[in-house]
Participant: 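Before I ask anything, let me first share the structure, which is written out below as structure tokens.
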Amino acid sequence: MDKSDKVVLKCIDCGKEYKPVDVYECACGGLLDVNINLDWVSKVVSRDVFNKRLGSREKIFQSGVWRYRELVNPMADDLCIVSRPEGNTSLYEHRKLVEYSGVKDIKLKHEGENPTGSFKDRGMSPGVSEAVRLKMKVVACASTGNTSASMAAYASMAGLKPVVFIPEGKIAYGKLSQALAYGAKVIQIEGNFDDAMNLVRESSRRLGMYLLNSVNPWRIEGQKTIMIELMHQLAWKSPDWIAVPAGNLGNTSAFGKALEELYKLELIYDMPRIASIQAEGANPLYQTWSKKSEKLLSVGHPETIATAIKIGNPVSWKKALRALKVTNGVVEQVSDQEIMDAKAKIDGSGIGCEPASAASLAGVKKLVESGVIDRKEKVVCIITGNILKDSEATVKYHLDELADIKATYSNQPTAIKPDLEEVEKVIKA
Ligand code: F0G
């Protein structure tokens, strides 16, 4: 079988099929799915094969993305793969998280441990690799910060030109600094993320830039490996729930697709339920799902301290609804107060994350309180970004300087004169 025969791109709206060339959207405007021939996959991989690769010295298999390459992009050969390597992220447990959530068996999978500090590297590696395979020169994305940081790094590493569109003044400094430092052309848009997204889609079509937002289905294929690697870590025994922060809905979509494929391949025997967690002020999926609407109920002016998920018109909403259906999933919303308090618990456990990531724990706590999640069920929360991405939000929380958010678990610095007695007073207080 020729490599490209193992894959077709299929429109989720009109069903039209494409050969895997330089298309990432259907002519009808619909999103494409990467459909990999699972019969072929089942013949070439197994739990054993993945286990052997875990101990391999081959660089490609040291990546938590490319270890599962048959399920990511069977066409990618070693020469076009751009890898740091990514993935291999830890699972954490902590007494404070059990107390806070009420769940006995709760684990955090920390995607902030990826090379540029967020899960985006999982999808960017296959996305940029595909750009290399297709001999593209310029890659583009709109971003609330993490996608741009990741794309800038991977594109520069591969010698491609990265162009990022960001909402002016609305992304965290840690992320902006990465995009600038990794050498991206940074275009600030007067407007929010949704405006930036519309503009980059149009500009990419007209100007021949290769779009690397999660509209691009190869990004989704890479993000599937968060689930594949998680199941591998859990010896292929599914948890009951997987909680994930939800913004542009790439992860929710990717998780549903991954779990469905793992189930069909009989690599897992139980289907976990996805809990997608949105910020109250940026909750289009929550609105759409809870009202059972067939159309996206978008949010005109999204607002949340979790700038990474400040999105009112998510591109992958149809794929996300499909993922919720396949996994019998739920959607919950949480306030900024709940997000920052959950973050303080994750940070205070020595694990640490950026605000958007903490939505997953905040959501689990709420779903336990409402009886949707049982305290005896097994839960994995996906932590999406590193604590240093948005240090301003963290410091302002602890100094109680955030408007409308109380510093419930504040840890204030103490100012003293350089005097031993004063030190003693502070230590003994
Ligand atoms: N958490 C973090 C830290 C993110 O950066 C994002 C998305 C999400 C959660 C939401 O994930 O879009 O798959 O639902 N950040 C994008 C960006 C939008 O541009 O960096 P999603």
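Computed over heavy atoms, backbone and side chain alike; hydrogens, waters and symmetry mates excluded. Each ligand, and each atom within it, is numbered from 1 in the order the structure gives.
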Participant: Identify the closest protein heavy atom to atom 1 (N) of ligand 1: which residue and atom is it, and at what distance?
Facilitator: Thr384 OG1, 2.7 Å

Participant: Do you see a donor-acceptor pair shorter than 3.5 Å between the side chains of Ser357 and Glu354?
Facilitator: no

Participant: Please work out which of the three classes, parallel, tilted or perpendicular, describes the rings of Tyr409 and Tyr100, given edges at 30° and 60°.
Facilitator: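 Taking Tyr409 first and then Tyr100, their aromatic rings stand perpendicular (interplane angle over 60°).
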
Participant: Got the closest protein heavy atom to atom 13 (O) of ligand 1, with its distance?
Facilitator: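 Looking at atom 13 (O) of ligand 1, the protein heavy atom closest to it is Asn251 N, 2.8 Å.
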
Participant: Regarding Asn114 and Glu86, is there a side-chain donor-to-acceptor distance under 3.5 Å anywhere?
Facilitator: no

Participant: When you measure from atom 11 (O) of ligand 1 to every protein heavy atom, which one gives the shortest distance, and what is it?
Facilitator: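 Residue, atom and distance for the closest contact: Phe119 CZ, 3.6 Å.
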
Participant: Numbering the atoms of ligand 1 from 1, which are under 4.0 Å from a heavy atom of Asn146?
Facilitator: 2 (C), 3 (C), 4 (C), 5 (O), 20 (O)

Participant: Assess the side chains of Gln337 and Asp341: does a donor N or O sit below 3.5 Å from an acceptor N or O?
Facilitator: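 Side-chain D/A pair, Gln337 to Asp341: present.
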
Participant: Report the residues that fulfil side chain to side chain contact (heavy atoms under 4.5 Å, CB included) with Leu180, sequence neighbours left out, ordered by chain and then residue number.
Facilitator: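 Leu180 satisfies side chain to side chain contact (heavy atoms under 4.5 Å, CB included) with Leu176, Val186 only.
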
Participant: Using a 4.0 Å heavy-atom cut-off, say whether Lys175 meets ligand 1 through its side chain, its backbone, both or neither.
Facilitator: neither

Participant: Below 4.0 angstrom from a heavy atom of Ala246, which ligand 1 atoms are there? Numbered from 1 as shown, please.
Facilitator: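 Heavy-atom distances to Ala246 below 4.0 Å select 14 (O).
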
Participant: Which of the numbered atoms in ligand 1 are below 4.0 angstrom from a heavy atom of Asn248?
Facilitator: 12 (O), 14 (O), 21 (P)

Participant: Short N/O distance, under 3.5 Å, between Gly247 and ligand 1?
Facilitator: yes

Participant: Geometry only, no angles: is Gly385 polar-contacting ligand 1 at N/O separations under 3.5 Å?
Facilitator: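 By distance alone, the answer is no.
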
Participant: Short list, please: which atoms of ligand 1 are under 4.0 Å from a heavy atom of Ser143?
Facilitator: 17 (C), 19 (O), 20 (O)

Participant: Is it the case that the ring center of Tyr24 lies less than 6.0 angstrom away from the ring center of Tyr210?
Facilitator: yes

Participant: Does any donor atom in the side chain of His301 or Asn192 lie under 3.5 Å from an acceptor atom in the other side chain?
Facilitator: no

Participant: Between Glu280 and Asn283, is any side-chain donor less than 3.5 angstrom from a side-chain acceptor?
Facilitator: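 Distance-only check fails for Glu280 and Asn283.
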
Participant: Only heavy atoms of Ile311, strictly under 4.0 Å: list the atoms of ligand 1 that pass.
Facilitator: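 So the atoms of ligand 1 that pass are 18 (C).
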
Participant: Return the closest protein heavy atom for atom 4 (C) of ligand 1 as residue, atom name and distance.
Facilitator: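 Protein heavy atom with the smallest distance to atom 4 (C) of ligand 1: Ala308 CB, 3.5 Å.
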
Participant: What protein heavy atom lies closest to atom 18 (C) of ligand 1? Include the residue and the distance to one decimal.
Facilitator: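 Sorting protein heavy atoms by distance from atom 18 (C) of ligand 1 puts Thr144 OG1, 3.5 Å first.
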
Participant: Please tell me whether Trp66 and Ser125 have a donor and an acceptor in their side chains that are separated by less than 3.5 angstrom.
Facilitator: yes

Participant: Does Trp218 have any side chain to side chain donor-acceptor pair (under 3.5 Å) partners at least two apart in sequence or in another chain, and if so, which?
Facilitator: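 For Trp218, no residue satisfies side chain to side chain donor-acceptor pair (under 3.5 Å) once neighbours in sequence are set aside.
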
Participant: Below 4.0 angstrom from a heavy atom of Ile309, which ligand 1 atoms are there? Numbered from 1 as shown, please.
Facilitator: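 Counting from 1, the qualifying ligand atoms are 8 (C), 9 (C), 10 (C).
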
Participant: Considering only protein heavy atoms, which is closest to atom 21 (P) of ligand 1, and at what distance to one decimal place?
Facilitator: Leu249 N, 3.4 Å

Participant: Does Thr147 reach ligand 1 with a nitrogen or oxygen that is under 3.5 Å from one of the ligand's nitrogen or oxygen atoms?
Facilitator: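 Yes, there is a polar N/O contact under 3.5 Å.
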
Participant: Which protein heavy atom lies closest to atom 7 (C) of ligand 1, and at what distance to 0.1 Å?
Facilitator: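 Heavy-atom neighbour on the protein nearest atom 7 (C) of ligand 1: Lys120 NZ, 3.1 Å.
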
Participant: Is it the case that ligand 1 has an N or O less than 3.5 angstrom from some N or O of Ser357?
Facilitator: no

Participant: Checking side chain to side chain contact (heavy atoms under 4.5 Å, CB included) for the pair Tyr397/Ile305: CA distance, chi angles, key distance, verdict?
Facilitator: CA-CA 11 Å; Tyr397 174 86; Ile305 190 165; over 6 Å; no

